[in-house]
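Read the structure below first, then the notes.
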Amino acid sequence: MRSTRERRWPIVSLALAGLAGLAPSLVVQSARAQSGTEPVRNPVAEVYVEGEGSEIEDAVARGVVRVGSAVDFVRAPRPPRLGGDRFARVDVKITAAEVSVTILFARGGRTTRSVSRASATAVEGEEVALVVESALESELDAIREKPVPPPPIPPVPTPPPPKNPEAPKPPAIVKTEGRPTTLAIFGGVLGGVGAFGEHDGPVVRIGGELGVASSGKFRPSVALRAFYTLPFRAGSPRASADVSVVNLRVMPAAEWIELSGLAFGAGLGLGADIVSVSPRSEVATAKLEPVSVRVDPVVSPTVLARVAVAKNVTVSASFGLDVALSSRVWIVDDGGDRERVFEPMRVRPVGLLGVDFALFGDDRAGRAEPVKP
């Protein structure tokens, strides 16, 4: 009987030792239950190691395991897959000079530490393990902590009623005034193509303008325009003429429609075309008249469009019809046989492109506003 009791004592000792080993964990679980926190279940940390060094890889794994987390080694570079139990991603870059450890957390945030490789291999590996362990342990502690509820918002005190309430005053009537009308002086350069002779091709016209514009309704303006029609030859080799024209106009205009910085309007030009004709002939015996200059009164109805491209600068396009109030014909007389050399058109279409600049005053007066992005 004594031998049987002596054999039982080792078994009882082992059981007591096991209960003693479980006691700390039971105490911790009881403390957690009393504090109202819930443990993290099955935490997993991704680990990606770039570079050669199996001892560094083992050190990182030791640091992860020490905080009670599983290790998921990533063997190829890819974006972190965090969420759920995957609470952190550990990226390790091994170089000849140092070991760089970057940890990205699923809750947000990032930490980076470097360990010099000047120390011994064992010391170096333990430093890396401590870096990983410290960062992951802090993150798990933050996850396990129960957030403290914010203090209750105190009630807003109700203000006492006024002693002598006054009747509400009627709203004040504010008189609004429109933008004052201002004037601007502008200038510009223009050029285009049109027709002039009945039996001749298109001609080129270049010139400029100087005018005054208003910022009032319809933005009225008036401009003085001067053009020069480049010389051209009319007629046949037997009898021809070199023709040049100076075009003068006074152009009142208004802008009727404005859409997103683009304005459309119309104008009516009044002026004259000064026509210079110089006879030419390849016949040696031909008798040529001297250079003749004639003035044709002209009315020019025009449609136009403007768009602002910068402050004080607008681009314009217009199309008009120069209507001559009188007609003239230049002929050659060959012994009673008459031949027309040059005959101006009564209605002369012309298209123009131009750039205007505000020289003085309100740059918006009479101009379209710049297009807003």
Side-chain angles (χ1 to χ4, degrees), residues 169-195 205-229 245-274 296-325 346-373:
K169 297 181 179 180
I173 301 176
V174 180
K175 183 179 179 181
T176 59
E177 297 182 356
R179 183 168 178 255
T181 301
T182 57
L183 298 177
I185 298 176
F186 66 93
V189 292
L190 302 101
V193 178
R205 183 183 297 187
I206 57 175
E209 64 177 349
L210 181 66
V212 179
S214 169
S215 63
K217 188 176 182 181
F218 302 128
R219 296 187 179 178
S221 63
V222 60
L224 175 63
R225 291 183 168 187
F227 299 94
Y228 178 62
T229 301
V245 184
V246 175
N247 315 94
L248 301 176
R249 303 285 187 274
V250 175
M251 177 68 72
E255 297 174 358
W256 305 99
I257 301 174
E258 184 173 348
L259 300 171
S260 301
L262 181 63
F264 298 91
L268 180 64
L270 302 174
D273 285 345
I274 304 174
D296 287 347
V298 173
V299 177
S300 302
T302 303
V303 293
L304 56 89
R306 298 183 190 276
V307 61
V309 295
K311 183 178 181 180
N312 300 331
V313 181
T314 59
V315 174
S316 63
S318 63
F319 178 79
L321 298 176
D322 293 342
V323 181
L325 302 182
R346 291 292 300 272
V347 179
R348 307 159 189 169
V350 60
L352 297 171
L353 292 176
V355 179
D356 290 339
F357 306 91
L359 304 177
F360 178 79
D362 187 357
D363 62 289
R364 292 178 54 204
R367 313 291 86 167
E369 295 185 13
V371 179
K372 297 180 180 179

* To do: Could you grab the distance from atom NZ of Lys311 to atom CZ of Phe357, nearest 0.5 Å is fine?
  => 15.5 Å
* Structure fact -> Heavy-atom closest pair (Gly265 atom, Trp256 atom, distance to 0.1 Å) is CA-CD1, 3.7 Å
* Report the residues that fulfil ring pair (Phe, Tyr, Trp, His ring centres under 6.0 Å) with Phe264, sequence neighbours left out, ordered by chain and then residue number. => none
* **Reported OG-to-CE distance for the pair Ser221 and Met251, which is rounded to 0.5 angstrom** => 9.5 Å
* Asked: What's the spacing between Ser300 OG and Leu321 CG if we round to 0.5 Å?
  -> 8.5 Å
* Asked: Out of Asp296, Leu248, Val245, which one pairs with Ile274 under the side-chain contact (heavy atoms from CB on, under 4.5 Å) rule?
  -> Leu248
* Closest non-hydrogen atom pair between Phe186 and Ala223, with its separation -> CZ-CB, 4.1 Å
* side chain to side chain contact (heavy atoms under 4.5 Å, CB included) between Ile206 and Val189, intermediate numbers included -> CA-CA 8 Å; Ile206 57 175; Val189 292; over 6 Å; no
* Structure fact -> Correct closest heavy-atom pair for Leu353 and Ala317 would be CD2-CB, 3.6 Å
* Asked: Which pair of heavy atoms, one from Val298 and one from Ala324, lies closest together, and at what distance?
  -> CG2-CA, 4.4 Å
* **Closest contact, heavy atoms only, Ala195 versus Arg348** => O-CB, 3.3 Å
* Asked: So, for Ser316 and Asp356, which heavy atoms are closest and what is the spacing to 0.1 Å?
  -> OG-OD2, 4.3 Å
* Does one side chain, of Thr314 or Arg306, offer a donor that lies under 3.5 Å from an acceptor on the other? -> no
* To do: Evaluate the side chain to side chain contact (heavy atoms under 4.5 Å, CB included) criterion for residues Leu268 and Arg249: first the C-alpha distance (whole Å), next the side-chain angles of each, then the deciding distance (0.1 Å), finally the verdict.
  => CA-CA 9 Å; Leu268 180 64; Arg249 303 285 187 274; over 6 Å; no
* To do: Using the side chain to side chain contact (heavy atoms under 4.5 Å, CB included) rule, take Leu359 and Leu210 through it: C-alpha gap first, then chi angles, then the decisive distance, then the call.
  => CA-CA 10 Å; Leu359 304 177; Leu210 181 66; 4.0 Å; yes
* To do: State the CZ-CG distance between Arg225 and Leu352, to the nearest 0.5 angstrom.
  => 6.5 Å
